[in-house]
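As a basis for the values below, the full set of heavy atoms in this structure was taken, side chains included, without hydrogen atoms, waters or symmetry mates. Computed from a prediction, not measured in an experiment: that's the story for all the values here.
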Amino acid sequence: MTTDAVNNRRAHKSGSALLLEFFGSMNLAITLLVTVGIASIVGTVLKQNEPYQNYIAKFGPFWFEVFNSLGLYDVYSAAWFLLILAFLVLSTSTCIYRNAPVMLRDMRSYRLGVRFNSLNAFHNKREWRLSASPDALAGQVIPVLEAFGYRVRSKDSAGHRVIAAKKGAVNRLGYIFTHAAIVIICVGGLVDGNLLLKWQAFNGDITIETRDIPASQVPEQSRLPVGNPSFRGSVNIPEGSSGNIAFLNLRDGYLVQPLPFSVEVKDFR
């Protein structure tokens with residue numbers, strides 16, 4: 001292998017390490033989580049996916065345009081919000097990739113091969129000199145440790161015996177499960193963020209209907225398939241009537257979503 005090839009390989013490895021360090025940074029993850037939290041507060045306080053006329057009447061033309069440019073009327077589908085979720089998925093997945101194998105290995109390891117110098121370097125330590133034999137001491141110590149809930153392992157090597165005990169190792173699974181839950185929730189947010197609809201509208205596969213017309217007159221280009229995997233829709237059903245469609249507000253218009261069932265309002269109180 002030539003010197004240039006070695007240098008290129010080192011540079012590539014260094015770049016990969018820097019990316020892992022960046023995406024696995026706790027500061028990045030906390031910043032993204034705080035941003036998602038603030039955006040969620042805005043999405044909770046400000047009613048989402050209302051007709052644009054309602055926002056114009058409430059905020060006026062100037063602030064309507066400001067909030068619209070920030071995507072605040074559909075926060076959970078805004079490009080910047082979905083980008084933050086994607087980075088959060090990447091960051092949290094990097095943390096799991098880097099730390100989960102080490103934690104799982106530590107949960108199974110008792111470090112019976114530790115040396116005396118390593119033990120002596122511990123800050124919290126205590127040393128005794130006893131006249132009893134190793135077998136006698138092990139017979140006294142191990143039952144006491146087990147009575148306190150410790151799992152104990154012992155090993156003889158090079159004229160000495162190491163007794164290692166630990167408990168609570170399963171608590172480390174909390175780190176893995178918590179981070180995995182964040183990934184699952186964020187992936188759910190990405191799926192629920194109308195990414196597919198936005199791409200279809202951008203690509204011209206669907207057309208957003210802006211006219212106030214009956215659902216039966218909405219063209220096929222503005223109708224979605226029944227198998228649409230994720231959507232947030234609404235429908236007004238008078239008392240005594242039923243409906244099998246929902247309307248999805250998107251930007252300044254809507255799309256019609258046929259439902260695989262009917263909703264009937266028999267009585268309203």
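- Both V141 and Y150 belong to a single network of hydrophobic side chains, linked directly or stepwise wherever heavy atoms of I, L, V, M, F, W or Y lie under 4.5 Å apart.
- The CZ atom of R151 lies 6.0 Å from the NZ atom of K166; values are rounded to the nearest 0.5 Å.
- If you chain together hydrophobic residues whose side chains sit under 4.5 Å apart, V34 and L85 never meet in one group.
- Side-chain contact check for Y76 versus S40: some heavy-atom pair is nearer than 4.5 Å.
- With a 4.5 Å cut-off on side-chain heavy atoms, V256 and F247 count as touching.
- Atom CG of N236 has 12 or fewer neighbouring heavy atoms from other residues, nucleotides or ligands inside a 6.0 Å radius.
- Counting non-hydrogen atoms of other residues, nucleotides and ligands closer than 6.0 Å to NZ of K266 gives a total of 12 or fewer.
- The two atoms that bring I96 and A180 nearest to each other are CD1-N, 3.7 Å, heavy atoms only.
- Atoms CD1 and CG, on I208 and L248 in that order, are 10.5 Å from each other to the nearest 0.5 Å.
- Between R223 and E209 there is no salt bridge, since no side-chain nitrogen of the basic residue lies less than 4.0 Å from a carboxylate oxygen of the acidic one.
- T207 contributes no side-chain N or O that, together with a main-chain N or O of S222, makes up a donor-acceptor pair within less than 3.5 Å.
- With hydrophobic clusters built from ILVMFWY side chains whose heavy atoms lie under 4.5 angstrom apart, V183 does not share a cluster with I185.
- When all heavy atoms of Q221 and D205 are compared, the closest pair comes out as NE2-O, 2.9 Å.
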Item to check | Steps toward side-chain contact (heavy atoms from CB on, under 4.5 Å) verdict (I206, L255) | outcome: CA-CA 9 Å; I206 58 174; L255 298 169; 3.7 Å; yes
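- Considering only residues two or more places apart in sequence or on other chains, R126 meets the salt bridge (charged side-chain N to carboxylate O under 4.0 Å, His left out) condition with none of them.
- Taken together through direct or relayed side-chain contacts under 4.5 Å among Ile, Leu, Val, Met, Phe, Trp and Tyr, L137 and V144 form parts of separate hydrophobic clusters.
- Residues W80 and L88 are members of one and the same hydrophobic cluster, defined by side-chain heavy-atom contacts under 4.5 angstrom among Ile, Leu, Val, Met, Phe, Trp and Tyr.
- Annotation for L190 and L82: closest pair CD2-O, 3.4 Å, computed over non-hydrogen atoms.
- Relative orientation of the F23 and F87 rings is parallel, given thresholds of 30° and 60° on the angle between their planes.
- Between N54 and E50, the shortest heavy-atom contact is ND2-OE1, 3.0 Å.
- The structure places CD of Q200 at 7.5 Å from CG of N228, a figure rounded to the nearest 0.5 Å.
- Atoms CG and CD1, from L33 and I84 in turn, are 10.5 Å apart once rounded to the nearest 0.5 Å.
- In this structure, L104 CG and I176 CD1 are separated by 4.0 Å, a value rounded to the nearest 0.5 Å.
- Counting all heavy atoms, side chain and backbone alike, D267 lies closest to E239 at OD1-OE2, 2.7 Å.
- With hydrogens and angles ignored, the 3.5 Å screen pairs no side-chain donor or acceptor of K47 with any backbone N or O of Y55.
- Interatomic distance, CG of N27 versus OG of S91, reported as 10.0 Å (0.5 Å rounding).
- Heavy-atom contacts from other residues, nucleotides or ligands closer than 6.0 Å to CG of D212 number 12 or fewer.
- Side-chain contact between V75 and L46 is absent, with no heavy atoms from C-beta onward closer than 4.5 Å.
- The shortest side-chain heavy-atom distance between F81 and T35 does not fall under the 4.5 Å cut-off.
- For the pair V218/Y254, a side-chain contact is recorded, criterion being any heavy-atom separation below 4.5 Å from C-beta on.
- Here the closest heavy-atom approach between residue R161 and residue P134 is recorded as NH1-O, 3.6 Å.
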Contacts table for residues 64-73: side-chain donor-acceptor under 3.5 angstrom, sequence neighbours left out:
unit_1: N68; atom_1: OD1; unit_2: Y52; atom_2: OH; d: 3.3
unit_1: S69; atom_1: OG; unit_2: E65; atom_2: O; d: 3.3
unit_1: S69; atom_1: OG; unit_2: V66; atom_2: O; d: 2.6
unit_1: Y73; atom_1: OH; unit_2: F64; atom_2: O; d: 3.0

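- Heavy atoms of other residues, nucleotides or ligands lying less than 6.0 angstrom from NZ of K155 number 12 at most.
- Side-chain N or O atoms of S109 include none that pairs as donor or acceptor with a backbone N or O of R105 at under 3.5 Å.
- Around the CZ atom of R111, the shell of radius 6.0 Å holds no more than 12 heavy atoms that belong to other residues, nucleotides or ligands.
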